[in-house]
Amino acid sequence: MEFIKPRIYSGLRDRLPEQMNYRGLVVSKLQALFERYGFEPLETPAMEFYDILTGKYGEEAENLIYRLDYKDGKTLALRYDLTVPLSRVIAMNSELVRPIFKRYQIQQVWRGERPQRGRYREFTQCDIDAIGSKSMLQDAEIIAAIYEMMISFGFHQFEILINNRKILDGMVKYAEVGDKLKEICRSIDKLEKIGQEKVRQELAKSDISDQAIKKIFSIVEIEGHHEAVLSDLEKAIGGIAQEGVNELREIRSYLSELGIDEGYYRFDPALARGLDYYTGPVFEVVIKDASIGSVVGGGRWDTLIGQYTGKHIPAVGTSFGLERLIDSMEKLNLLPQITTKTQVLVVPFNTELIPQSLRFLAQLRSAGVNSEIYGEPKSFRQTFGYANRKGIPLALVIAPDELSNGQLAIRNMRTREQEVCSIDCFIDNIQAILSKI
RNA sequence: GUGGAUGUAGCUCAGGGGUAGAGCGCCUGACUGUGGAUCAGGUGGUCGUGGGUUCAAAUCCCAUCAUCCACCCCA
């Protein structure tokens, strides 16, 4: 018999039970948070028509789209993100926007990149977006949700970086290199990573004059407290980027009303973001010491929906990278210990006592206590070892001596304390102990 | 897509042309009425896959796949 070697495409992975447990935990927490903010669920198909996705992300990103040519002559593609499919949904169902539509979506996306840790060819995005409002209130709410999510997962060493495409546009106009926006963004985005000298070299390589580089740096290197950054920006390029600065200022005031700790966000004029469809505020979360790239990214995308219908519908949203979130939590030891759902292990002292043990087991289960039986009693070492490894908190020992007195032994696996109680009330006893654990 | 490193037991890794190794885990016993310790014994591997060189390949060569790292980009 000829075997086919079991294998899996590079960058894809199976999600085994342990992993699924963590994912389930994180996803349900995210879902609850999204719903607390008024977002409603949506799913879209994994495949879209190829031309629905093209012309939205930018040339480089577009090269990473998995394209599928099917025999019926249709050209399809695996979705690259959840934002573009959403914009297609809105273009087809504009009645959803009355006057705003807030949706969340947790689904896989595919990108043909070379995989690394925290970078997969299939990964899960958890998106929230608010459609139909150009108010900065929506942007602030998105940032607030990001903040709350990071805190509630136990992250402390993180920063939400915020900038505005309108400020970048202004900067480019100011430096008088209007046609080089993308090259400039790509270089300055790396400022923190590779340092200013290398960024200078890169810019020079892109045929940007020394004078222009100087101007760019005078903007990009602005730093300090929130209001100081904004007023410095205003002084430098207020004339051409006033709107961008005003928007950030408005966001800041909303964030403070929403009670967001201002130590966790920062206005960073060097933040660029790669995707073409952003038009206004952009944001990104970087976890310090996790070295895993950005975990959350987003921004305002006011013109995307209009590309399908010509109807201008503004929108803003963000995307959480589920795998990166979990990888970072694992690295920083923030994942909760996932223990078994079993509450009681029924332990027959010997095989003769199995029938009787089964009756106790059935009683436990009908009382709503999650219970299992260790079926082949050999040694207590083995039996208790099993309970211990699995994290089962209680053992109900059915043994001859106690039984002859009409009693059962309940052992607390953590404290190693064991008590006997009468058969009539062992369920009450167990439930009492469980409620205290 | 470009460059580099790695692939040996369930896990972490050593070995470097001539019988496949350690630690941890797991199983068993000391301990037939009580688990995380200790001690003793045991289980476990086509050395990623395919081909080549050789009397002989886990070892050398080529290819391939996978993982990691940097670039690129991003979640």
Side-chain angles (χ1 to χ4, degrees), chain A residues 3-13 30 57-65 79-83 106-127 146 182 185-187 189-190 193-194 198 202 271-276 278 282-287 290-299 317-328 345 347-350 353 374 377-404 409-418 420:
Chain A
F3 289 107
I4 295 164
K5 193 186 174 189
R7 68 216 136 93
I8 192 164
Y9 180 58
S10 171
L12 269 45
R13 29 179 42 189
L30 280 171
Y57 302 109
E59 195 190 329
E60 277 147 21
E62 204 165 300
N63 284 328
L64 303 178
I65 294 175
R79 63 172 169 242
Y80 176 90
D81 74 352
L82 302 179
T83 306
I106 299 174
Q107 287 192 283
Q108 263 104 289
V109 302
W110 294 268
R111 297 184 185 180
E113 295 192 89
R114 183 91 154 233
Q116 278 181 35
R117 179 159 35 99
R119 198 169 103 176
Y120 308 101
R121 285 182 177 160
E122 177 189 64
F123 61 95
T124 307
Q125 290 197 319
C126 312
D127 274 35
I146 295 172
K182 275 187 202 169
C185 284
R186 207 179 306 139
S187 296
D189 208 32
K190 289 186 264 183
K193 200 168 161 191
I194 64 175
K198 288 199 172 161
E202 267 197 40
L271 174 70
R273 309 274 323 145
L275 301 179
D276 275 4
Y278 292 123
V282 288
F283 21 87
E284 177 171 312
V285 174
V286 176
I287 299 171
S291 67
I292 211 162
S294 62
V295 173
V296 180
T318 197
S319 182
F320 299 75
L322 184 60
E323 286 78 7
R324 283 188 179 179
L325 219 45
I326 293 174
D327 286 355
S328 310
L345 181 69
V347 182
F349 185 79
N350 56 39
L353 291 170
Y374 195 90
K378 278 186 187 165
S379 64
F380 282 105
R381 175 201 180 101
Q382 199 184 47
T383 312
F384 288 145
Y386 171 77
N388 199 33
R389 266 194 304 280
K390 201 165 166 179
I392 302 173
L394 292 184
L396 179 70
V397 182
I398 292 100
D401 288 0
E402 287 84 353
L403 222 45
S404 64
I410 301 166
R411 185 175 182 82
N412 184 321
M413 293 303 295
R414 289 176 201 155
T415 63
R416 300 185 175 217
E417 283 160 10
Q418 189 163 308
V420 291

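Throughout, a chain's letter reflects where its sequence line sits, starting with A, and its residues are numbered from 1.
- Contacts of A:G391 with the nucleic acid, taken as non-hydrogen atoms under 4.0 Å apart, are absent.
- When heavy atoms are screened at a 4.0 angstrom cut-off, A:K190 is found touching the sugar-phosphate backbone but no base atom.
- Taking the C1' atoms as reference points, B:G36 lies 38 Å from B:C69, given to the whole Å.
- Put simply, the side chain of A:R324 and the base of B:C74 share a donor and an acceptor less than 3.5 Å apart.
- Base pairing of B:G3: its partner is B:C69, meeting the Watson-Crick or G-U wobble criterion (both donor-acceptor distances under 3.5 Å).
- Nucleic acid contact class of A:Q116 (heavy atoms, under 4.0 Å, all strands): base.
- A donor-acceptor contact closer than 3.5 angstrom links the side chains of A:E323 and A:T124.
- Taking atom P in both B:U19 and B:A58, the straight-line distance is 11 Å, to the nearest Å.
- Looking at A:K182 and A:D276, a side-chain N of the basic residue comes within less than 4.0 Å of a carboxylate O on the acidic one, giving a salt bridge.
- Between the CZ atom of A:F320 and the P atom of B:C74 there is a distance of 19 Å, rounded to whole Å.
- Within the 4.0 angstrom heavy-atom criterion, only backbone atoms of the sugar-phosphate kind lie near A:E60; the bases stay farther away.
- Heavy-atom distances to RNA chain B give each of A:E202 and A:G297 a nearest nucleotide, and the one nearer the 5′ end belongs to A:E202.
- The C1' atoms of B:A57 and B:U43 are separated by 28 Å, rounded to the nearest whole Å.
- Pairing each heavy atom of A:E113 with each of A:L64, the nearest pair is CG-CD1, 3.5 Å.
- Because its NZ or CZ atom is not both nearer than 6.0 Å to the ring centre of A:F123 and within 45° of the ring axis, A:R324 does not count as a cation-pi partner of that residue.
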Polar atom pairs between nucleotides 4-7 of chain B and protein, under 3.5 Å, N or O only, would you list them?
none

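- Residue A:V109 is classed as having no contact, given no heavy-atom separation below 4.0 Å to the nucleic acid.
- Annotation: B:U8 and B:A14 have their C1' atoms spaced 10 Å apart (nearest Å).
- At whole-Å resolution of the value, CG in A:D189 and C1' in B:C72 are 13 Å apart.
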Enumerate donor-acceptor pairs with a distance under 3.5 Å from any side-chain N or O in residues 390-400 of chain A to protein atoms, sequence neighbours excluded.
from, atom 1, to, atom 2, distance (Å)
A:K390, NZ, A:E372, OE2, 2.8
A:K390, NZ, A:Y386, OH, 3.3

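- Counting any heavy atom pair closer than 4.0 Å across all strands shown, A:Y386 reaches no nucleic acid atom.
- We find that CD of A:E323 is positioned 18 Å from P of B:C74, with the value rounded to whole Å.
- The partner of B:C60 is B:G52, judged by Watson-Crick or G-U wobble contacts that both fall below 3.5 Å.
- Nucleotides B:A20 and B:A9, compared at atom C1', are 10 Å apart to the nearest Å.
- Closest heavy-atom contact between A:E284 and A:R273: OE1-NH1, 2.6 Å.
- The distance between atom NZ of A:K193 and atom P of B:C69, rounded to the nearest whole Å, is 12 Å.
- You'll find the side chain of A:V295 stays beyond 4.5 Å of the side chain of A:F320, heavy atoms only.
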Checklist outcome for this item: Once base and sugar-phosphate atoms are separated, protein heavy atoms under 4.0 Å mark nucleotides 29-42 of chain B, 5' to 3', with B, S and - as BB--BBBB------
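- Looking at heavy-atom distances under 4.0 Å, A:L325 makes no contact with the nucleic acid at all.
- In this structure, A:N350 contributes its side chain and A:L353 its backbone to a donor-acceptor pair below 3.5 Å.
- Aromatic pair A:F380/A:Y374: ring centres not closer than 6.0 Å.
- Using N1 to N3 plus N6-O4 or O6-N4 for Watson-Crick, or N1-O2 and O6-N3 for G-U wobble, each under 3.5 Å, B:C39 pairs with B:G29.
- Pair check for B:G16 finds none; no Watson-Crick or G-U wobble contact set falls under 3.5 Å.
- One C1' atom belongs to B:G7, the other to B:U12, and the distance between them is 14 Å to the nearest Å.
- On the P atoms, B:U2 is 44 Å away from B:G44, given to the nearest whole Å.
- The two residues A:L82 and A:D127 have their closest heavy-atom pair at CB-OD2, 3.5 Å.
- A straight line from CG of A:D127 to C1' of B:A75 spans 9 Å, rounded to a whole angstrom.
- In this structure, A:R121 and A:W110 have side chains that are not in contact, with every pair of non-hydrogen atoms separated by 4.5 Å or more.
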Checklist entry - Are A:I65 and A:Y57 close enough, and set up right, to give a side chain to side chain contact (heavy atoms under 4.5 Å, CB included), and what steps lead you there? => result CA-CA 10 Å; A:I65 294 175; A:Y57 302 109; 4.1 Å; yes
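- Figure legend. B:A9 is base-paired to no nucleotide; pairs are counted as Watson-Crick or G-U wobble with both atom distances under 3.5 Å.
- The CD-C1' distance, from A:E122 to B:C74, rounds to 17 Å in whole Å.
- Taking atom CD of residue A:E59 and atom C1' of nucleotide B:C72, one finds them 13 Å apart after rounding to whole Å.
- If you take CZ of A:R13 and P of B:U67, they are 8 Å apart, rounded to a whole angstrom.
- Only the C1' atoms considered, B:G15 is 15 Å distant from B:G23, to the nearest whole Å.
- Under 4.0 angstrom from either OP1 or OP2 of B:C74 there lies no side-chain N or O belonging to A:R273.
- As judged by a 4.0 angstrom heavy-atom cut-off over every strand, A:G112 is placed among residues making no nucleic acid contact.
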